[in-house]
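Working notes, beginning with the structure itself.
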There are 2 protein chains.
Amino acid sequence: MAENDIFRALADPTRRAIFEKLAAGSMNASALRKGMEISQPAMSQHLSILRDAKLVRQERQGRFVNYEVDPEGLTLIVHWLAKYHTFWPSRIADLKVLLKEIDQ
Amino acid sequence: MAENDIFRALADPTRRAIFEKLAAGSMNASALRKGMEISQPAMSQHLSILRDAKLVRQERQGRFVNYEVDPEGLTLIVHWLAKYHTFWPSRIADLKVLLKEIDQ
DNA sequence: CGGTTGGATAAGTCTATGCTTATGTATTGA
DNA sequence: TCAATACATAAGCATAGACTTATCCAACCG
């Protein structure tokens, strides 16, 4: 189940850090490791889990594999969250207000 | 860390089911168990984890403990998600459109 | 070619986690 | 007051999951 894959993938802080890094700009696995104190196999395994959850996607470029954020995973979370929008504070019921909050 | 608690809490399908049930209407722990094939201690433990993640909150009512959705947890996810709004499909960048999708 | 580099995979280990049974603690109602 | 009910907590167990080391594969480069 896709929803399950997503929440499981995001349950690990290292994977959220990887995802956040990719959100700032796509890069390959080696570049991702820089400044992250994580072994090469561990990174590869995390990326595999993020990929299965459709949170990232890859594209082979010769010897390198470039990773980037996959919007599909995020869309699934947005939809999951939207099911409970009646509980959102009215302040952020307007997305424009929310995004303004974030940007500053 | 609150973010960590939330994603860990949601990583379990049983807890997401509990949360969804509470979103449809607050109730006590025994009522939650109905139709859920889950032991009383297991339910209590799940609720404890959801509470720590601020996804649900409780209110003792005599012998019963009423549980309900806590908007605070949802707000945290919304904010986490909003950090990546540049990756959302443009279709749902407008929340009104999104909510319309959900309602049907 | 043949070595080097980027990355995936396999197998084993250790810890986290979700369950169980047993028990504890309030609250209520007979 | 005392049994029953609602729930929490403790302790133990079994599986999942995050890491390790070792190895493999493929693409590049001298």
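All values below were derived from every heavy atom in this structure, side-chain atoms included, with hydrogens, water molecules and symmetry-related copies excluded. In what follows, chains carry the letters A, B, and so on, assigned in the order in which the sequence lines appear, proteins first and then strands, with residues in each chain numbered from 1. Computed from a prediction, not measured in an experiment: that's the story for all the values here.
- A/S30 comes within 4.0 angstrom of sugar-phosphate atoms only, judged by non-hydrogen atoms across all strands, and of no base.
- At whole-Å resolution of the value, CG in A/N66 and P in D/dA27 are 17 Å apart.
- Using a 4.0 Å heavy-atom cutoff across all strands shown, B/R15 reaches sugar-phosphate atoms only and no base atom.
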Taking only nitrogen or oxygen atoms into account, show me every contact under 3.5 Å that the protein makes with nucleotides 14-16 of chain C, one pair per line with its distance.
none

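- Put simply, CZ on B/R63 is 14 Å from P on D/dA8, counting in whole angstrom units.
- For A/S39, the side-chain contact (heavy atoms from CB on, under 4.5 Å) criterion is met by A/P41, A/A42, not counting sequence neighbours.
- The salt bridge (charged side-chain N to carboxylate O under 4.0 Å, His left out) contacts involving residues 14-32 of chain B comprise A/E3-B/R16, A/K83-B/E20, where partners must be two or more places apart or lie in separate chains.
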Please write out the pairs of protein N or O atoms and N or O atoms of nucleotides 21-25 of chain D separated by less than 3.5 Å, giving the distance to one decimal.
none

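- The main-chain N or O of B/A31 is found under 3.5 Å from a side-chain atom of B/N28 such that the two form a donor-acceptor pair.
- Atom pair A/H46:NE2 and C/dG7:P shows a separation of 16 Å (rounding to whole Å applied).
- The aromatic rings of B/F19 and A/W80 sit parallel to each other, their planes meeting at less than 30°, with 60° as the upper class boundary.
- Partners of B/Q58 according to the side chain to side chain donor-acceptor pair (under 3.5 Å) rule, which considers only residues two or more places apart in sequence or in another chain, are B/Y67.
- If you find the closest nucleotide of DNA chain D to A/G62 and to B/A31, the one lying nearer the 5' end belongs to B/A31.
- The side chain of B/Q58 has D/dA8 as its nearest neighbour among D/dA18, C/dG18, D/dA8.
- Remark: the backbone N or O of B/M43 is not paired with any side-chain donor or acceptor of B/H46 at under 3.5 angstrom.
- Looking only at distances, no side-chain donor or acceptor of B/S48 sits under 3.5 Å from a matching main-chain atom of B/S44.
- Whole-Å rounding puts the B/M27 CE to D/dC7 C1' distance at 17 Å.
- Distances shorter than 4.0 Å separate none of the side-chain N or O atoms of A/Y67 from OP1 or OP2 on C/dG6.
- The aromatic rings of A/F7 and B/F7 sit tilted, their planes meeting at an angle between 30° and 60°.
- Residue-level contact check: A/R33 touches neither bases nor backbone, having no heavy atom under 4.0 Å from any strand.
- Between the C1' atom of D/dC28 and the CZ atom of A/R60 lies a distance of 12 Å, rounded to the nearest Å.
- For A/E68, the salt bridge (Lys or Arg N to Asp or Glu O under 4.0 Å) partners two or more places apart in sequence, or in a different chain, are A/R57.
- Rounded to a whole Å, the CG atom of B/N28 is 15 Å from the P atom of D/dT5.
- Remark: C1' of C/dT27 and CD of B/Q61 are 13 Å apart, rounded to the nearest angstrom.
- With rounding to whole Å, B/F64 atom CZ is found 16 Å from D/dA8 atom C1'.
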